[in-house]
2 protein chains.
Amino acid sequence: MRVSTRFSDSIHLLAYIKIYADTRLTSDAIAASIETSPVVVRRLMSKLRQAGLLTTTPGTAQPALAKPLSQISLLSVFYAIEGDKPLLAVDPKTNPDCIVGGNIQTVLKQYYQEAQTAAEARLAKTSLQDVVDNILVEQAKKDARQ
Amino acid sequence: MRVSTRFSDSIHLLAYIKIYADTRLTSDAIAASIETSPVVVRRLMSKLRQAGLLTTTPGTAQPALAKPLSQISLLSVFYAIEGDKPLLAVDPKTNPDCIVGGNIQTVLKQYYQEAQTAAEARLAKTSLQDVVDNILVEQAKKDARQ
DNA sequence: AATCGTAGTAATCAATTAAGTTACAGGAAG
DNA sequence: CTTCCTGTAACTTAATTGATTACTACGATT
């Protein structure tokens with residue numbers, strides 16, 4: 001499978017809005033940072049808006065975080081963007097007349113869900129504020145090297 | 001992305017080999033249970049063999065588990081099949097001249113790894129023996145209903 | 001109000017990946 | 001030596017992602 005970068009790009013987008021709050025936050029400018037197209041950015045913002053993480057104004061470059069960064073967890077971004085897709089997928093079509101094929105979904109679904117829940121619990125512990133803080137720390141390291 | 005069912009199918013395959021040990025374990029028979037093609041089954045078995053989980057004999061329908069089921073964790077199967085692919089992918093191509101674009105990978109990679117490690121820790125706790133046991137329990141429930 | 005720049009979104013395209021299929025070389029066993 | 005099977009490569013098909021194009025509608029500025 002081609003791995004989706006939507007989740008990663010959404011975090012990028014939100015961090016950008018915070019760090020570059022005093023610039024013109026057009027979808028073009030944000031797209032230039034992510035190195036994608038403005039339409040992709042607007043699509044992601046649409047999802048984030050529907051999830052209540054972002055407010056936008058049609059016609060105006062004015063995206064704004066709907067909550068303090070510290071109250072937006074990576075998990076809430078994940079749900080906003082990929083909430084309907086499991087990290088691990090059970091093969092939905094197996095032979096029901098076989099002992100294995102007829103029961104594997106029920107069994108695996110449960111173990112997969114537990115693994116995903118464990119990952120989600122970790123994502124819930126990190127907020128976008130942590131991400132932004134770390135980005136600034138990394139940037140400071142780079143600056144110090146020069 | 002179309003979500004891969006290789007991991008799920010591999011667990012299926014190994015459970016099948018155990019539960020139907022006294023039947024002819026041709027790739028055709030296993031494929032019929034997974035409802036896929038024999039070639040797909042042989043491809044999965046090839047990976048499992050390379051990972052030391054399975055032994056096979058060219059020309060003969062004789063796949064056998066290389067270790068007791070209780071010593072094969074879901075995680076080891078996951079590594080055998082999808083070990084090189086992360087559950088969450090960081091966008092590898094962002095603008096390095098931007099504070100966000102230039103540091104997001106470093107920062108996110110770490111959080112993503114922690115989430116994946118949490119999921120893997122959960123997968124490591126479950127063995128194929130657990131899966132087989134559960135499959136048989138589910139089957140017994142079905143039988144009791146009839 | 002006219003215009004310009006922007007958001008929102010649908011529709012289409014291109015690239016990638018997964019799984020299915022075909023084909024065939026080679027081993028094992030009767 | 002014939003038959004059945006595994007192991008693999010090559011190709012096809014289907015699904016998904018992200019990029020692109022095109023358009024409508026909104027808002028600010030003049």
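Order of the sequence lines sets the chain letters (A, B, ...), proteins ahead of strands, with each chain counted from 1.
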Quick one, A/Y112 and A/L87 - any side-chain contact, counting heavy atoms below 4.5 Å?
no
Gap between atoms CZ and P, on A/R42 and C/dG8 respectively (whole Å)
8 Å
May I ask you to evaluate whether B/S46 reaches the phosphate of D/dT6, defined as a side-chain N or O under 4.0 Å from OP1 or OP2?
no
Taking A/V132's backbone N and O only, do any of them form a donor-acceptor pair with A/K18's side chain (distance below 3.5 Å, no angle check)?
no
Can you tell if the side chain of A/N134 reaches within under 4.5 Å of the side chain of B/T106, non-hydrogen atoms only?
no
What parts of residues 26-34 of chain A reach DNA chain C, counting only heavy atoms under 4.0 Å away?
A/T26, A/S27
Taken to the nearest whole Å, CD/A/Q50 to P/C/dA7 is 17 Å
Using whole Å, what does the distance between atom C1' of nucleotide D/dG7 and atom CD of B/Q62 come to?
16 Å
Can you tell me the distance, in whole Å, between the CG atom of B/L54 and the C1' atom of D/dT6?
12 Å
What residue among A/E120, A/Q113, A/E114 forms side chain to side chain donor-acceptor pair (under 3.5 Å) with A/T117?
A/Q113
Give, for atom NZ of B/K67 and atom OG of B/S73, the distance between the pair rounded to the nearest 0.5 Å.
8.0 Å
B/Y79 atom OH, neighbour heavy-atom count above 12 within 6.0 Å:
no
What is the separation between atom CZ on A/R6 and atom P on D/dG18, rounded to the nearest whole Å?
5 Å
Taking side chain to side chain donor-acceptor pair (under 3.5 Å) as the criterion, tell me which of B/E138, B/K141, B/Q139 meets it with A/N103.
B/Q139
B/V100 vs A/Y20, test: side-chain contact (heavy atoms from CB on, under 4.5 Å). Steps then yes/no.
CA-CA 9 Å; B/V100 181; A/Y20 288 95; 4.2 Å; yes
Atom CZ of B/R24 to atom C1' of D/dT6: distance rounded to whole Å?
12 Å
Rounded to whole angstrom units, what separation is found between the CG atom of A/L44 and the C1' atom of D/dT17?
12 Å
Report yes or no: is there a donor-acceptor pair, N or O only, under 3.5 Å between the side chain of A/R43 and the base of D/dA19?
yes
Heavy-atom side-chain proximity of A/I17 to A/L13 below 4.5 angstrom:
yes
Side-chain atoms of A/S37 come closest, of C/dT21, D/dT20, D/dC5, to D/dT20
Say you draw a straight line from CD1 of B/I99 to CD1 of A/I135; how long is it, rounded to the nearest 0.5 Å?
9.5 Å
Within less than 4.0 Å of OP1 or OP2 of C/dA19, is there a side-chain N or O belonging to B/T5?
yes
Write down the protein N/O and nucleotide N/O pairs, taken from nucleotides 24-26 of chain D, whose separation is under 3.5 Å; answer none if there are no such pairs.
none

Which is more 5' along DNA chain D, the nucleotide nearest B/K93 or the one nearest B/L25? Just name the residue.
B/L25
Checking contacts here: which listed nucleotide (C/dA18, C/dG8, C/dT21) is nearest the side-chain heavy atoms of A/T56?
C/dG8
B/V39 has a side chain; which of C/dA18, C/dA23, D/dG7 sits nearest to it?
C/dA23
Under 4.0 Å between a side-chain N/O of B/K85 and OP1 or OP2 of C/dT16, yes or no?
no
Let me know the distance between CG of B/L48 and C1' of D/dG7, rounded to the nearest Å.
14 Å
